[in-house]
Amino acid sequence: MTENRWNHLTAPQLRDLAERDAVVLLPIGSTEQHGEHLPTGVDDFLAAEVCRRAAAAAAPLPVVVAPSVWSGLAEHHMPFGGTLTLSLQTLHSLMKDVCRSILRAGFTRILIVNGHGGNVAALSALVTELTVELGAPIALTSYFTAGREVIRETLQTQAHLMHACEGETSMMLAAFPELVRTEFLPQAVGPTISLQSEDTSPVYRSVTFDTITSSGTAGDARSASAEKGDRMLNGCAEAIAELLAKGIWPAGS
């Protein structure tokens with residue numbers, strides 16, 4: 001497989017890819033509690049994994065996967081411990097500096113690929129600001145939005161990703177099985193929740209996750225499997241590759 005990870009490539013290789021007008025996928029996740037059975041890096045690991053698979057699926061289109069941004073907005077998980085969170089201002093500054101560096105390296109097209117529900121609203125606003133501030137057409141997707149159809153068709157106990165659920169646990173079993181503490185799966189069940197991006201509640205207010213679930217899990221991970229996870233990871237990656245093939249930037253950008 002052709003190497004596509006930015007930090008596994010040399011500077012001359014990256015200059016060559018920039019000259020070939022390669023797209024840069026910039027994964028961003030979070031480092032936060034995911035119950036007893038999953039590690040805190042789930043959102044980070046899965047966003048980066050989908051990006052790596054998307055880069056491979058997009059061939060022969062040249063694609064580079066930037067190092068992942070491993071921290072996001074996770075204040076709602078802080079009561080459980082094990083969580084690292086940024087302020088909105090820090091996230092803005094961090095994303096601006098990373099995107100500016102990518103542009104200064106000669107690349108012109110950046111697709112931010114989000115893997116954390118708590119980042120959705122902020123990143124949607126930040127992309128508008130970054131496009132203006134940096135003078136470049138930066139785009140955004142969440143892998144679970146791009147691949148919502150394959151996720152819905154694959155899962156048995158839920159229609160979309162929740163938290164440390166059937167979906168996330170399945171993808172971790174597929175890509176990082178050594179990090180899943182399977183002995184805790186029988187207790188890995190919690191209430192049903194909506195993704196922030198799909199919440200239809202008439203009023204939004206900030207609530208901490210411990211008021212929703214005492215276990216840190218939302219959804220039911222007991223029916224998770226590596227087979228489901230591989231199907232979802234590949235399906236989300238293919239959906240992103242299709243977006244790139246169709247062209248998501250204005251002509252001439």
Side-chain angles (χ1 to χ4, degrees), residues 1-30 41 43-72 91-116 119-120 123-124 126-148 150 171 175 230 232-253:
M1 181 181 296
T2 301
E3 181 59 69
N4 53 47
R5 291 169 291 182
W6 182 297
N7 51 6
H8 286 234
L9 296 166
T10 65
Q13 287 175 309
L14 286 162
R15 288 198 299 270
D16 177 67
L17 284 162
E19 290 175 1
R20 292 169 57 198
D21 196 27
V23 174
V24 176
L25 301 181
L26 174 55
I28 177 172
S30 181
D43 293 354
D44 174 36
F45 300 156
L46 294 182
E49 179 67 19
V50 170
C51 285
R52 286 191 290 270
R53 295 186 186 211
L61 181 72
V63 179
V64 179
V65 180
S68 63
V69 177
W70 50 262
S71 190
L91 179 64
H92 183 182
S93 296
L94 175 61
M95 295 302 288
K96 181 167 68 173
D97 285 350
V98 172
C99 288
R100 181 189 288 121
S101 296
I102 292 169
L103 296 171
R104 290 184 65 189
F107 297 93
T108 61
R109 296 181 292 167
I110 302 170
L111 176 60
I112 298 171
V113 180
N114 174 51
H116 171 50
N119 289 339
V120 172
L123 288 175
S124 295
L126 289 180
V127 161
T128 299
E129 295 192 11
L130 293 176
T131 295
V132 174
E133 291 174 1
L134 299 176
I138 297 169
L140 167 70
T141 189
S142 293
Y143 79 80
F144 45 79
T145 299
R148 61 159 54 96
V150 70
M171 289 186 283
D230 209 45
M232 287 186 289
L233 288 167
N234 286 332
C236 291
E238 289 164 7
I240 291 172
E242 288 175 10
L243 289 175
L244 298 179
K246 291 176 181 176
I248 55 177
W249 288 274
S253 64

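Values in this document were obtained by computation on a predicted structure and should not be read as measured data.
- Residues Ile112 and Val69 form no side-chain contact, since every pair of their non-hydrogen atoms from C-beta on lies 4.5 Å or further apart.
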Requested in this report: Apply the test side chain to side chain contact (heavy atoms under 4.5 Å, CB included) to residues Phe144 and Leu46: give CA-CA distance (whole Å), side-chain angles for both, the deciding distance (0.1 Å), then the verdict.
Outcome: CA-CA 10 Å; Phe144 45 79; Leu46 294 182; over 6 Å; no
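- Taking OG of Ser101 as the reference point, atom CH2 of Trp6 lies at 8.0 Å (rounded to 0.5 Å).
- The closest side-chain donor-acceptor pair between Asn4 and Arg52, if any, does not fall under 3.5 angstrom.
- Between Arg53 and Asp230 there is a salt bridge, since at least one side-chain N of the basic residue sits less than 4.0 Å from a carboxylate O of the acidic one.
- For the atom pair CD1 (Ile102) and CD1 (Ile110), the distance works out to 4.5 Å, reported to the nearest 0.5 Å.
- Using a 4.5 Å cut-off on side-chain heavy atoms (C-beta onward), Val23 and Pro62 make no contact.
- Across every non-hydrogen atom of Ala54 and Ala241, the tightest pair is O-CB, 3.9 Å.
- Residue Thr141 holds its OG1 atom at 11.0 Å from CG of Leu123, rounded to the nearest 0.5 Å.
- Counting heavy atoms from C-beta on, the side chains of Leu9 and Leu17 come closer than 4.5 Å.
- Taking each heavy atom of Cys236 and Val150 in turn, the nearest pair found is N-CG1, 3.9 Å.
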Practice task
Under the side chain to side chain contact (heavy atoms under 4.5 Å, CB included) rule, what do Leu26 and Met95 come out as? Steps first, then yes or no, please.
Solution key: CA-CA 10 Å; Leu26 174 55; Met95 295 302 288; 3.8 Å; yes
For Glu49 and Tyr143, run side chain to side chain contact (heavy atoms under 4.5 Å, CB included): C-alpha distance rounded to whole Å, both residues' side-chain angles, the deciding distance at 0.1 Å, then the answer.
CA-CA 10 Å; Glu49 179 67 19; Tyr143 79 80; over 6 Å; no
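- Within the 4.5 Å cutoff, the side chain of Ser68 has no heavy atoms near those of the Ile28 side chain.
- The main-chain N or O of Gly135 is never found under 3.5 Å from a side-chain atom of Glu133 such that the two would form a donor-acceptor pair.
- Shown are Val24, Ile240, Val63; of these, the side chain to side chain contact (heavy atoms under 4.5 Å, CB included) with Leu111 is made only by Ile240.
- The CE atom of Met171 sits 11.5 Å away from atom CG of Asn234, with the distance rounded to the nearest 0.5 Å.
- Nearest heavy-atom pair across Asp43 and Ser30 is CB-N, 3.6 Å.
- Remark: the backbone N or O of Thr10 is paired with a side-chain donor or acceptor of Gln13 at under 3.5 angstrom.
- Taking the side chain as every heavy atom from C-beta outward, Phe45 and Val50 never approach each other to under 4.5 Å.
- Between Leu134 and Cys99, the shortest heavy-atom distance links the atoms CD1-CB, 3.6 Å.
- Atoms CD and NE2, on Glu3 and His8 in that order, are 5.5 Å from each other to the nearest 0.5 Å.
- Judged purely by distance below 3.5 Å, without hydrogens or angles, the side chains of Thr108 and Asp21 pair a donor atom with an acceptor atom.
- Between the side chain of Trp249 and the main chain of Pro137, a donor-acceptor pair closer than 3.5 Å is present.
- The minimum heavy-atom distance between Cys51 and Val65, with the atom names listed, is O-CG2, 3.5 Å.
- The two atoms that bring Ala18 and Ala105 nearest to each other are CB-O, 3.7 Å, heavy atoms only.
- There is a side-chain donor-acceptor pair under 3.5 Å between Asn114 and Ser142.
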**Study point:** Verdict with supporting geometry, Leu244 and Leu25, side chain to side chain contact (heavy atoms under 4.5 Å, CB included)
**Key:** CA-CA 10 Å; Leu244 298 179; Leu25 301 181; 4.2 Å; yes
